[in-house]
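For reference, the structure discussed in these notes is given below.
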Amino acid sequence: MTDADVPSPDEPAEPTPRNPLIEALIASSYGVTDDPLSGSNPGVRVPVENLYDLLAHLRSEPSLAFNCLLSHTAVDRPADGTIELLYVLQSLSTGQRLLVTCPVNRDNASAPTVCGLWPIAEWQEREVFDLFGVTYEKHPDLRRVFLDDDWRGYPLRKDYQDDFMLTPDEPKQ
Amino acid sequence: MSAAIVLLTLAERAAASLEVGIWGTAAWLAVAIVAAIGSMSLLGMALVLIERKVAARFQSRLGPMRVGPHGLFQTVADSIKLLIKEDIIPEQADRILFFLAPTFSLIATLLALVIVPVSPTLHLVDLNIGVVFFAAVSGFGVLGILLGGWSSNNKWSLLGAMRAGAQFISYELSLTLCLIVAVLFAGSLQLSEVVASQADGWWIWRGHVVTIVAFVVFIIASTAELNRPPFDLPEAESELTGGFHTEFSGLRFAFFFLAEFINMFVASALAATLFLGGWMPFQVGGWDTFNSVMAIIPGPIWFAGKVAVIIFISMWVRWTFPRLRVDQLMRLEWKFLLPIGIANVLIAAVIILSGLYFFPVGN
Amino acid sequence: MGVEKSADQALGGNYLLTRVDQVLNMARANSLWPLTFGTSCCAIEMMMATGAPRHDIARFGAEVARPSPRQADLLIIAGTIVKRMAPRLRTLYEQMAEPRYVIATGACTISGGPFIYNSYTTLRGVEDVLPVDVFVPGCPPRPEGLFYGLLTLQRMIKSGETLRQPGVRRKPVMSALPPGISMDDIRSEMESLLEADSEVDVEARRRQLGWPSSTNT
């Protein structure tokens, strides 16, 4: 799975054998592709329009049964113009772990909420909203969770600057 | 009211023993009061130091070592520091009750301290209802806790005070039942007579298991009454910041602190008096030389030794067991200790009335 | 002790006043009750230093850690302080009863530590929030370092405080000198350096300097 030779996630054919779980997901109708950056855990990418359906399928399918959302976070990729949402799912019955990434547009970042599937997602999505500015549709209580309510800006975006931050000087010649 | 009783008894005893009229009585009273308060302060300071050193040794540490040789004067430094701390009164606090709360705790402790029989002559007040007086006065101590929590105007303090109040009045029942067992065997409420009845042997082994059970329950119940770990949820540091004494600083806090340690001493002293023979030496019937050697050691030394053992056990328990949750605490009292206590009293009464005992027991 | 003055030397005062000061300062210094406060890694180090058996703060009379700020007199700030924590920390400090002392342990409380650059929220030093008496450097400081800070605070209290000026501290700055070096050594070395620097060869310097340019091309 740590195959660094894979050039981009849209490349269909690969020489190394993949995890059967990923095979099954790619074969399904959610537009899933393999995620090259997922490290030692199996990981998939999915476009944002299929995100909720894929996650609902992952949770409700008895053979998969991913009933635990371990973590939900985001990565800011200004070069691609996207913010990648990352869901780390764990199945307590089969012991399987899966990473699901979903790139959303950086301006007007928005994604469907998964609070209905995993109640813990409520606070985790609040944290992503707080630090990255991703709004979640139909979230019951979307407000900042870590920073003060009147904080302006989204600090974990790579282009965040404010007067308090101290940037190191360029190394002199 | 109880203070008035105490003063009257002191006055009567003084007048009777000294026969020098009103001025001698007044002088004797003044001496007695100064002695009581002074001994309470010294005892409190010593007990705090002993607690810290014992706690340290249980945890493989050294404890205070710098102030005086081996840290003997640590509590003196603590007391002076507490005296000169700033006195903070929260803005919305009830000022009168805020002043009274630690005072009530200390008064209850002082009142309980005067009935403790240290030796046949070192007995400040020998009330003929000594045991009942102790039960009444210890109920007075919970008033300080409740008022402390209420007057702080702090919801967490109030929670802690309510928990403490519930805990206190629950364990008061078990405590009183143990007192009743000892009184049944001794045949009198007067503490000097309770001690005198143990001249042939201490109640803890002359009482046929009933007093052993009563002794154990007494220790558990008094630990809970004093809010000592493992029953110190009302002042649980991780839960309620400080419980009922969160908002008290400086001298007021010192009063609460002192009251807790002196109460520990009084409860241990009462356990020693009722179950371990007070100032009576350890004697075995038939071993005359042994008995005479034991009798040479003066009464106060016996008393101090017994109280020290019980206090050490109390500290040992404190640093050994984890804290009980408040529902576990209530369950322990109402489902275990109270039925055991009631059964104990019934069995003790049956033993005494029917004469089913192996050792000769007094009237 | 040439440069720094103790409170007695600075303010003078008769025998009774200075003895009263001494007794009260001894009591305060030997009975510093810390507030249970800690934010991150330095807090764990502080707990291990102060509570654990090997390095035991109880030897100095300071093991009674009170959870309520009203009853504590020492605030050992251990850990990174972020913007969201700063007002709460200030509230805790204000709630402490006077006289209150502050020891700032670890690099984060001195200057922001490893989080100075590019952090939107870590305070660069806790001195912006409340007055600090002793700084203990390290990341995290060794227990011996923390105890040296505590002993420095005790020394500051014993010799530097007086009832006539409550709230004013005199810091024992001369004890920061490395052992074996005195103020006279520093003074003489400074003199020799200044003397060596005071001679200038003007001609050599003129030859050294290139010809100035009047344009920027």
Side-chain angles (χ1 to χ4, degrees), chain A residues 71-86 104 106-107 109 120 122-136 139 141-173, chain C residues 37-44 69 77-95 104-132 135 137-140 208-210 212-213 215-217:
Chain A
S71 170
H72 168 46
T73 179
V75 183
D76 187 21
R77 298 200 189 278
D80 298 338
T82 61
I83 292 180
E84 266 181 22
L85 300 177
L86 174 71
V104 294
R106 210 159 168 273
D107 324 302
I120 191 60
E122 189 184 327
W123 275 48
Q124 296 186 349
E125 288 173 352
R126 274 177 67 185
E127 186 182 359
V128 174
F129 165 69
D130 188 8
L131 297 170
F132 287 92
V134 177
T135 48
Y136 290 88
H139 192 280
D141 183 20
L142 194 65
R143 55 192 167 97
R144 291 190 182 269
V145 69
F146 169 62
L147 300 168
D148 276 2
D149 285 327
D150 54 355
W151 192 280
R152 283 176 306 207
Y154 302 108
L156 283 189
R157 290 196 176 203
K158 293 208 171 22
D159 57 356
Y160 177 81
Q161 274 291 332
D162 65 3
D163 296 331
F164 179 77
M165 281 169 72
L166 192 66
T167 45
D169 300 329
E170 295 301 320
K172 296 194 174 55
Q173 285 301 67
Chain C
F37 178 84
T39 332
S40 55
C41 5
C42 273
I44 305 294
I77 310 182
T80 317
I81 306 294
V82 294
K83 275 188 160 185
R84 193 161 162 96
M85 187 68 193
R88 280 91 179 162
L89 176 63
R90 180 61 183 266
T91 309
L92 281 178
Y93 178 75
E94 298 282 341
Q95 283 179 334
T105 51
C108 288
T109 53
I110 300 178
S111 67
F115 308 112
I116 319 180
Y117 293 126
N118 297 326
S119 169
Y120 58 96
T121 183
T122 308
L123 286 189
R124 290 188 281 278
V126 84
E127 266 243 286
D128 306 329
V129 177
L130 38 77
V132 176
F135 289 99
C139 188
Q208 214 179 19
L209 289 170
S213 155
T215 79
N216 63 348
T217 48

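Chain naming here is simple, since letters A, B, ... match the order of the sequence lines and numbering starts at 1 in each. Worth saying up front: this structure is predicted, and the values here are computed from it rather than measured.
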Taking all non-hydrogen atoms of both residues into account, name the closest pair between C/R124 and A/M165 and its distance.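 Closest approach of C/R124 to A/M165, heavy atoms only: NH1-C, 4.5 Å.
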
Where C/Y120 and A/L147 come nearest, the two heavy atoms and their spacing: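 Closest heavy-atom pair between C/Y120 and A/L147: CE1-CD2, 3.9 Å.
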
For residues [X] and [Y], determine if any side-chain heavy atom of one lies less than 4.5 Å from a side-chain heavy atom of the other.
X      : Y      : value
C/N118 : A/L166 : no
A/P168 : C/I116 : no
A/F164 : C/L123 : yes

If I measure from the heavy atoms of chain C, does A/Y160 come under 4.5 Å with its side chain, its backbone, both, or neither? side chain

